[in-house]
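Excluded from the calculations below are hydrogen atoms, water molecules and symmetry mates; all remaining heavy atoms, backbone and side chain alike, are included. A quick note: this is a predicted structure, and the numbers were derived from the prediction, not measured.
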Amino acid sequence: MTLTYDGEIQFFSINDSDIVELNKYLMPVECGTSATGFPSPADDYVDITLDLNEFHGVKKHTCYLVEARGDSMIDAGISDRDILIVDTTLNYRENDIVICSLNHFYMAKIIRRVGNKLFLISKNPNFQPVEIQESDDFRVFGVVKGLSRKFR
């Protein structure tokens with residue numbers, strides 16, 4: 001796996017010999033408890049295996065990881081240094097977060113259509129929408145399906 005940095009995001013490119021796999025974790029799960037209810041005696045025996053590949057729908061050769069840089073998508077829940085899980089097989093829809101390139105500058109943004117114009121939208125009021133011009137070199141590389149974040 002190779003690592004490159006280009007402006008706002010950091011790419012972890014995956015070649016044919018690399019396998020995109022997120023580890024499986026055995027995690028105890030509490031079921032049936034709530035602030036107003038009573039716990040079930042069976043709660044002490046509930047264990048499931050959480051497969052993060054399955055949870056995020058990660059498929060070999062169609063997904064890649066990107067490290068976010070900056071705070072332009074903070075109100076969408078994406079913080080600096082989050083690892084974004086990107087799927088290249090999904091067609092983007094209104095309000096999807098995508099990894100794209102505008103004139104060779106890579107970014108995570110929302111594409112929004114207003115009339116017959118397209119805009120790249122940040123989720124931070126400190127950033128203005130950017131109109132995509134016909135003369136711009138604009139490409140979408142995939143849809144962000146999830147993220148991973150370290151707290152410590």
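Geometric assessment of Lys109 against the ring of Phe127 yields a positive cation-pi assignment under the 6.0 Å and 45° thresholds.
Remark: Ser72 OG to Ile121 CD1 distance equals 11.5 Å, nearest 0.5 Å. Atom OG of residue Ser148 and atom CD of residue Glu67 lie 11.0 Å apart, to the nearest 0.5 angstrom. We find the CG-CG distance between Asp96 and Asn91 to be 9.5 Å, quoted to the nearest 0.5 Å.
Without hydrogens or angle criteria, Ser122 side chain to Met73 main chain gives no donor-acceptor distance under 3.5 Å.
Residues passing the side-chain contact (heavy atoms from CB on, under 4.5 Å) test with Ile74, sequence neighbours excluded: Asp71, Ser79, Asn124. For Asn116, the side-chain contact (heavy atoms from CB on, under 4.5 Å) criterion is met by no residue, not counting sequence neighbours. Scored by the salt bridge (Lys or Arg N to Asp or Glu O under 4.0 Å) test, Glu134 finds no partners at all (sequence neighbours excluded). For Asp136, the side-chain hydrogen bond (donor to acceptor under 3.5 Å, both in side chains) partners at least two apart in sequence or on another chain are Asn103.
The stretch residues 112-126 participates, sequence neighbours left out, in these salt bridge (charged side-chain N to carboxylate O under 4.0 Å, His left out) pairs: Glu94-Arg112. Residue pairs meeting the salt bridge (charged side-chain N to carboxylate O under 4.0 Å, His left out) criterion with at least one member in residues 142-152, sequence neighbours excluded: Asp82-Arg149, Asp87-Lys145.
Inter-residue side-chain proximity for Glu131 and Leu118 is flagged as unmet; no heavy-atom pair is nearer than 4.5 Å. Side-chain contact between Ile132 and Leu120 is present, with heavy atoms from C-beta onward closer than 4.5 Å. Cys100 places a side-chain heavy atom less than 4.5 Å from the side chain of Met107. Between Val130 and Phe119, every side-chain heavy-atom pair lies at or beyond the 4.5 Å cut-off. Using a 4.5 Å cut-off on side-chain heavy atoms (C-beta onward), Val144 and Ile85 make no contact. Residues Asp137 and Leu102 have side chains not in contact (no heavy-atom distance under 4.5 Å, counting atoms from C-beta outward).
Tyr106 has its ring centre less than 6.0 Å from the ring centre of Phe141.
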Check your understanding: Going through the checks in order, is the side chain to side chain contact (heavy atoms under 4.5 Å, CB included) test met by Ile99 and Tyr92?
Key -> CA-CA 10 Å; Ile99 300 299; Tyr92 63 88; over 6 Å; no
Exercise for review: Could you go through the side chain to side chain contact (heavy atoms under 4.5 Å, CB included) check for Leu84 and Leu65 one step at a time?
Suggested key: CA-CA 6 Å; Leu84 308 180; Leu65 306 175; over 6 Å; no
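Val66 and Val86 get closest at one heavy-atom pair: CG2-CG2, 4.0 Å.
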